[in-house]
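Numbers for residues simply follow the sequence, beginning at 1.
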Amino acid sequence: MDRLIRKRAFIIALAALALTASTRAVAQAPMFADTDENRERVARAYQDYQRINREHGHYIEVNGIRMHYLEWGSESGVPLIWAHGYSSTAFELVSVAQELVEAGYHVYAVSYRGHGKTQVDDYNFSLSHIADDIASMMHQLNIEKAVVGGLSLGGGVATAFYDHYPDRVLALVLEDGGADNVQVRTERLFPVLKAYGEPMPDFSKLIFEERFALFQTLAGLYMPGWGGSIPPGIAPAFHSWIVERKDGRFAPHLDHPKLLGTGPATIDPARSGETTLLMQSWRRTHPIITYRNLGVPMLIIDPTGDAFDASEDFAALGALHPTFVNVVEYPDTPHTAHPMRPEWFIRDMKNLLDRIESR
């Protein structure tokens, strides 16, 4: 049971309270086996990861940090700036990037502060700071307006961006994040998380002797939500979550305690002030307030297979602005919707582009 609890806590850390799989699903999930075939798959995925970064990776200096981003498309495309989910990186969009370009977008996927190749020393930042980084990036790249979207915490980034820079937004894409009241979500989840009876472990200190072992762990944790397999095109993204240390060993790319904090306050809705600025700002995400004067098209993706159901929150925002908000349900789909349902995601992104052009 202790093993299950710790594995469950790891999932919570990676998905940041999204709860992408149940304890039973974790217990029964097929692991990513250590076979010659899988080792070959991991090696090929690493080569793809390196190639993608060579062909599409860039750095830009914004607000005193060196931010990494991936870019696909031409100047004729409609700018789309994508913010990844917590614990992820810009590479989470690789499986749909080319299809987005073919649909008419010019894609910029950022790795924001503390994630992937955008490492920082100062963790005293919030969602608003990340929004400022994106605004600075747009200014330097001469992007007047863009579609701004994201998954999970990335949806919170998009909401924070609209709060501060509404005139820079053409449309919004909120994939299971940014469209619900996170403080309320925390209150709902607190009894469940409190029942585990111990603070979240510091998985930032997990060290692996070889890259495959860490890849295997990450794949095994996400496979339950993906029905026991890794969706095509996602394997290279796993490598962006792995950092090779100076001693030749491998570790996760993010420092969870510095990003979201540790201890009981991280799950207690009454103790937000004891957490990091990033956690505090995330909990204060309130779409009904931020979008009270919404004036651009918005796509909300609601994966109904997620263990945490925010459908009522999404519907409430849609009812507030029926002209602008389109809520699309993805049945039997986990929190990470676009990698699992790429065809649906591209369909809905095309429809959003039609709505933008019709305006």
*Identify the residue among Asp180, Asp309, Asp306 that makes a salt bridge (charged side-chain N to carboxylate O under 4.0 Å, His left out) with Arg185.*
Asp180

*Count the heavy atoms belonging to other residues, nucleotides or ligands that lie under 6.0 Å from CG of Asp36, then report whether that count exceeds 12.*
no

*Donor-acceptor under 3.5 Å (Glu92 side chain, Gly85 main chain)*: yes

_Shortest non-hydrogen contact between Ser128 and His164, atoms and distance_ = OG-NE2, 2.8 Å

*asked:* Atom CD of residue position Glu312 - does it have more than 12 heavy atoms of other residues, nucleotides or ligands inside 6.0 Å?
replied: no

*asked:* Quick check against the 3.5 Å criterion: does His115 have a side-chain atom that pairs as donor or acceptor with the backbone of Val110?
replied: no

*For the residue pair Met298 and Phe324, establish whether any side-chain heavy-atom pair is separated by less than 4.5 Å.*
no

*asked:* Looking at every non-hydrogen atom in both residues, tell me the closest pair between Phe238 and Ala219 and how far apart they are.
replied: CE2-CA, 3.2 Å

*Using a distance-only test with no angle check, is there a side-chain donor-acceptor pair under 3.5 angstrom linking Tyr69 and Thr118?*
no

*asked:* Would you compute the distance between atom CZ of Arg39 and atom CZ of Arg211 and round it to the nearest 0.5 angstrom?
replied: 13.0 Å

*Could you walk me through whether Phe125 and Ile65 pass the side chain to side chain contact (heavy atoms under 4.5 Å, CB included) check?*
CA-CA 12 Å; Phe125 65 86; Ile65 69 167; over 6 Å; no

*From Met349 CE over to Asn351 CG, what is the distance, rounded to the nearest 0.5 angstrom?*
10.5 Å

*Determine, stepwise, if the pair Leu299 / Val328 fulfils side chain to side chain contact (heavy atoms under 4.5 Å, CB included).*
CA-CA 7 Å; Leu299 168 64; Val328 181; 3.7 Å; yes

*Given the rule in the side chain to side chain donor-acceptor pair (under 3.5 Å) test, do His68 and Asn53 qualify, once you have shown the distances and angles that lead to the verdict?*
CA-CA 10 Å; His68 181 262; Asn53 191 55; 2.8 Å; yes

*Please state whether the rings of Tyr165 and Phe161 are parallel, tilted or perpendicular, taking 30° and 60° as the class boundaries.*
tilted

*Tell me whether Val296 is reachable from Phe314 by hopping between hydrophobic residues (I, L, V, M, F, W, Y) whose side-chain heavy atoms are closer than 4.5 Å.*
yes

*Is there a side-chain contact between Val42 and Phe32 (heavy atoms, below 4.5 Å)?*
yes

*asked:* For Ser240 and Thr89: C-alpha separation, side-chain torsions, deciding distance, then whether side chain to side chain donor-acceptor pair (under 3.5 Å) applies.
replied: CA-CA 7 Å; Ser240 72; Thr89 71; 2.6 Å; yes

*asked:* Tell me whether Ile143 shares a hydrophobic cluster with Met67, the cluster being built from Ile, Leu, Val, Met, Phe, Trp, Tyr side chains joined at under 4.5 Å.
replied: yes

*asked:* Are His84 and Phe91, when compared by the centres of their aromatic rings, separated by less than 6.0 Å?
replied: no

_Taking every non-hydrogen atom, the tightest pair across Thr304 and Pro331_ = OG1-CA, 3.1 Å

*Find out if a path of hydrophobic residues (ILVMFWY) with successive side-chain heavy-atom gaps under 4.5 Å connects Val325 to Leu320.*
yes

*Can you hop from Ile300 to Leu172 via hydrophobic side chains spaced under 4.5 Å?*
yes

*More than 12 heavy atoms of other residues, nucleotides or ligands under 6.0 Å from CG of Asp247: is that the case?*
yes

*Among all residues two or more places apart in sequence or in another chain, which pass the side chain to side chain donor-acceptor pair (under 3.5 Å) test with Arg41?*
Asn38

*What do the steps show when you test His106 against Glu71 for side chain to side chain donor-acceptor pair (under 3.5 Å), and what is the final call?*
CA-CA 8 Å; His106 186 167; Glu71 180 181 3; 2.6 Å; yes

*Quickly, which of Val243, Leu206, Ile207, Ile242 forms a side chain to side chain contact (heavy atoms under 4.5 Å, CB included) with Leu214? Name it, please.*
Ile242

*Verify, without hydrogens or angle tests, whether Arg249 (side chain) and Glu210 (backbone) share a donor-acceptor contact under 3.5 angstrom.*
no

*Would you say Val101 and Ile52 are hydrophobically clustered, going by side-chain heavy atoms of ILVMFWY under 4.5 Å?*
yes

*Are the ring centres of Phe215 and Phe208 closer than 6.0 Å?*
no

*If you measure from CG on Leu93 to CD on Glu99, what distance do you get to the nearest 0.5 Å?*
10.0 Å

*With sequence neighbours left out, write down each residue that passes side chain to side chain donor-acceptor pair (under 3.5 Å) with Glu102, or none if nothing qualifies.*
none

*asked:* Between Leu151 and Ile301, is the side chain to side chain contact (heavy atoms under 4.5 Å, CB included) condition met? List the steps.
replied: CA-CA 9 Å; Leu151 163 65; Ile301 296 174; over 6 Å; no

_With a 3.5 Å distance limit and no angle check, can you tell me whether Ser358 reaches the backbone of Arg355 through a side-chain donor-acceptor pair?_
yes

*Quick one: do Asp313 and Arg188 make a salt bridge, cutoff under 4.0 Å?*
yes

*Give, for atom CG of Leu127 and atom OG1 of Thr285, the distance between the pair rounded to the nearest 0.5 Å.*
5.0 Å

*Ignoring hydrogens and angles, tell me if any N or O in the side chain of Gln183 forms a donor-acceptor pair with the backbone of Pro269 under 3.5 Å.*
yes

*asked:* Check whether Ser95 reaches the backbone of Gly233 with its side chain - one donor and one acceptor, N or O, closer than 3.5 Å.
replied: no

*asked:* Check whether His253 reaches the backbone of Ser87 with its side chain - one donor and one acceptor, N or O, closer than 3.5 Å.
replied: yes

_Any side-chain heavy-atom pair of Met138 and Arg168 under 4.5 Å_ = yes

*Which atom of Ile267 lies closest to which atom of Phe190, heavy atoms considered*: O-CD1, 3.0 Å

*Does Arg113 reach the main-chain N or O of Asn124 with its side chain, forming a donor-acceptor pair under 3.5 Å?*
no

*Pairwise ring pair (Phe, Tyr, Trp, His ring centres under 6.0 Å) hits with a residue in residues 339-359, at least two apart*: Trp82-Phe345, Tyr330-Trp344, His338-Phe345

*Nearest heavy-atom neighbours spanning Thr333 and Arg341*: OG1-NE, 2.8 Å

_His129 (side chain) donor-acceptor with Ser126 (main chain) under 3.5 angstrom_ = yes

*Going through the distances and angles, do Tyr105 and Leu352 end up as a side chain to side chain contact (heavy atoms under 4.5 Å, CB included)?*
CA-CA 11 Å; Tyr105 289 99; Leu352 180 64; 4.0 Å; yes

_Pair Ser136, His139 - check side chain to side chain donor-acceptor pair (under 3.5 Å), show working._
CA-CA 5 Å; Ser136 178; His139 176 73; over 6 Å; no

*What are the two closest heavy atoms between Thr276 and Pro257, and how far apart are they?*
CG2-O, 3.9 Å

_Pairwise distance OH(Tyr123) to NZ(Lys258) - rounded to 0.5 angstrom_ = 5.5 Å

*asked:* Main chain of Ala213, side chain of Thr217: is a donor-acceptor contact present, judged purely on distance under 3.5 Å?
replied: yes

*How many angstroms lie between CD in Gln280 and CZ in Arg284, if you round to the nearest 0.5 Å?*
5.0 Å

